[in-house]
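Structure first, then comments.
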Amino acid sequence: KKIEAIYISHIENDNLNLKEHLTKEINKQNNRKLVIKKEKTDATIKTEILNSNMNFEYFYKPTNTEKCLNYKIVNNSRKCIEYGKVQIPCKKKEFNLETKIDLISKNKEVLFSKVYKQSFSKNVCKNIKYSFNPTYHIPANKDKLIKEYNTKLAKEIAKDSINDINLNIL
């Protein structure tokens with residue numbers, strides 16, 4: 001039987017609005033007569049957020065700029081005795097989202113199941129002018145950043161999963 005009515009079940013800990021994104025993607029499908037209902041449905045989309053996190057990596061980026069590393073005091077003046085290349089402190093933020101999306105028929109048969117992984121990384125380096133300031137630390141707004149970037153990833157996963165369901169099932 002062709003699937004015409006679908007229900008998106010509650011997603012535990014859905015602070016990324018994944019259910020909302022799935023609903024929007026289903027409503028965008030012009031060529032399909034797919035409706036979202038709570039009762040008398042042909043199938044249910046069951047989603048689980050497996051992993052939603054942000055990883056930090058600190059590194060130093062070499063530059064062509066040289067700066068004096070050691071001085072020698074001669075007659076009350078400094079004279080550089082050792083030069084070295086300036087390295088700028090940088091940080092890499094990597095956002096990861098992994099979800100499992102299942103399409104289950106009303107007979108409890110799994111029609112479609114796939115784990116989706118999306119990631120996004122962003123490198124930020126200090127200006128050479130500030131390269132001697134203390135290096136980066138984990139931001140206080142870490143949870144806000146995870147939510148902001150992983151919500152964008154959730155939107156991509158919703159789009160990909162509904163397209164996959166359309167191609168494979170409908």
Side-chain angles (χ1 to χ4, degrees), residues 1-61 88-127 130 133-170:
K1 186 185 173 199
K2 195 173 181 181
I3 295 173
E4 294 172 353
I6 204 163
Y7 172 68
I8 301 172
S9 66
H10 174 72
I11 303 169
E12 290 292 320
N13 303 323
D14 185 17
N15 61 347
L16 306 175
N17 304 322
L18 184 56
K19 185 175 180 177
E20 186 182 304
H21 293 309
L22 286 166
T23 304
K24 283 180 183 175
E25 284 302 321
I26 289 172
N27 290 333
K28 276 186 191 176
Q29 304 296 317
N30 310 358
N31 57 344
R32 304 281 185 221
K33 299 289 182 213
L34 193 62
V35 222
I36 298 173
K37 291 184 178 179
K38 282 192 177 185
E39 298 168 358
K40 295 183 181 176
T41 60
D42 302 319
T44 300
I45 292 178
K46 185 179 175 202
T47 306
E48 185 182 354
I49 296 174
L50 303 173
N51 182 16
S52 175
N53 66 22
M54 172 175 69
N55 296 320
F56 279 98
E57 183 183 320
Y58 300 100
F59 61 96
Y60 286 89
K61 181 178 161 188
I88 303 172
C90 300
K91 69 178 172 182
K92 177 181 181 180
K93 292 183 211 169
E94 187 174 49
F95 300 89
N96 300 299
L97 180 62
E98 185 176 359
T99 61
K100 182 179 182 196
I101 297 186
D102 297 324
L103 182 66
I104 301 168
S105 72
K106 59 183 171 185
N107 305 334
K108 305 293 183 215
E109 177 189 344
V110 177
L111 302 172
F112 177 82
S113 181
K114 187 172 179 181
V115 174
Y116 289 88
K117 295 177 184 178
Q118 286 277 351
S119 62
F120 169 77
S121 64
K122 184 178 182 178
N123 290 347
V124 180
C125 295
K126 286 192 174 185
N127 187 315
Y130 304 108
N133 292 354
T135 56
Y136 288 104
H137 57 281
I138 295 175
N141 62 348
K142 180 182 175 188
D143 291 337
K144 183 182 173 200
L145 285 172
I146 291 173
K147 184 176 179 182
E148 179 186 336
Y149 285 98
N150 284 0
T151 297
K152 292 175 186 173
L153 297 178
K155 195 174 186 178
E156 289 298 313
I157 286 176
K159 185 178 178 181
D160 292 347
S161 62
I162 297 304
N163 285 339
D164 286 349
I165 289 171
N166 272 333
L167 290 173
N168 294 302
I169 305 300
L170 305 178

Has the side chain of N150 got a donor or acceptor atom that lies under 3.5 Å from a matching backbone atom of N96? yes
Check whether any side-chain heavy atom of S161 lies under 4.5 Å from a side-chain heavy atom of L22, and answer yes or no. yes
What's the separation between atom CD1 in I157 and atom NZ in K114, rounded to the nearest 0.5 Å? 10.5 Å
NE2 (H21) and CD1 (I11) are apart, to the nearest 0.5 Å, by 10.0 Å
Specify the closest pair of heavy atoms between N15 and K147, including all atoms of both residues, with the distance to one decimal. O-CE, 3.1 Å
Do I104 and F112 come within less than 4.5 Å of each other through their side chains, counting heavy atoms only? no
Find out whether I146 and S52 are in side-chain contact, i.e. whether some heavy atom of one side chain is under 4.5 Å from a heavy atom of the other. yes
Here's a test for you: under side chain to side chain contact (heavy atoms under 4.5 Å, CB included), which of K93, E94, K92 qualifies with N55? E94
One thing to verify: whether E25 and K28 come together as a salt bridge, which I'm taking to mean a side-chain N less than 4.0 angstrom from a carboxylate O. yes
Less than 4.5 Å apart, any side-chain heavy atom of D42 and any of I6? no
If you take all heavy atoms of L153 and F120, which pair is closest and at what distance? CD2-CB, 4.0 Å
Are the charged groups of K24 and E20 less than 4.0 angstrom apart, N to O? yes
Scan side-chain atoms only and decide if S113 and D102 contain a donor-acceptor pair under the 3.5 Å cut-off. yes
K122-Y149 side chain donor-acceptor pair, cut-off 3.5 Å: yes
Taking C-beta and beyond as the side chain, do K100 and T47 meet within less than 4.5 Å on heavy atoms? no
Short side-chain donor-acceptor distance under 3.5 Å, D160 and Q118: yes
Non-hydrogen atoms of D14 and K19 that approach each other most closely: OD2-N, 3.0 Å
State, to 0.1 Å, how close A154 and L18 come at their nearest heavy-atom pair, and which atoms those are. O-CD1, 3.5 Å
Scanning both residues in full, the closest heavy-atom pair of K91 with F59 reads C-CE2, 4.0 Å
Inter-residue atom distance K117.NZ - L50.CG, 0.5 Å rounding: 9.0 Å
If you take all heavy atoms of I45 and I101, which pair is closest and at what distance? CG2-CG2, 4.0 Å
In terms of the angle between their ring planes, are Y58 and F56 parallel, tilted or perpendicular, with boundaries placed at 30° and 60°? parallel
Quick one: does T44's side chain have a donor or acceptor within less than 3.5 Å of a partner on K46's backbone? no
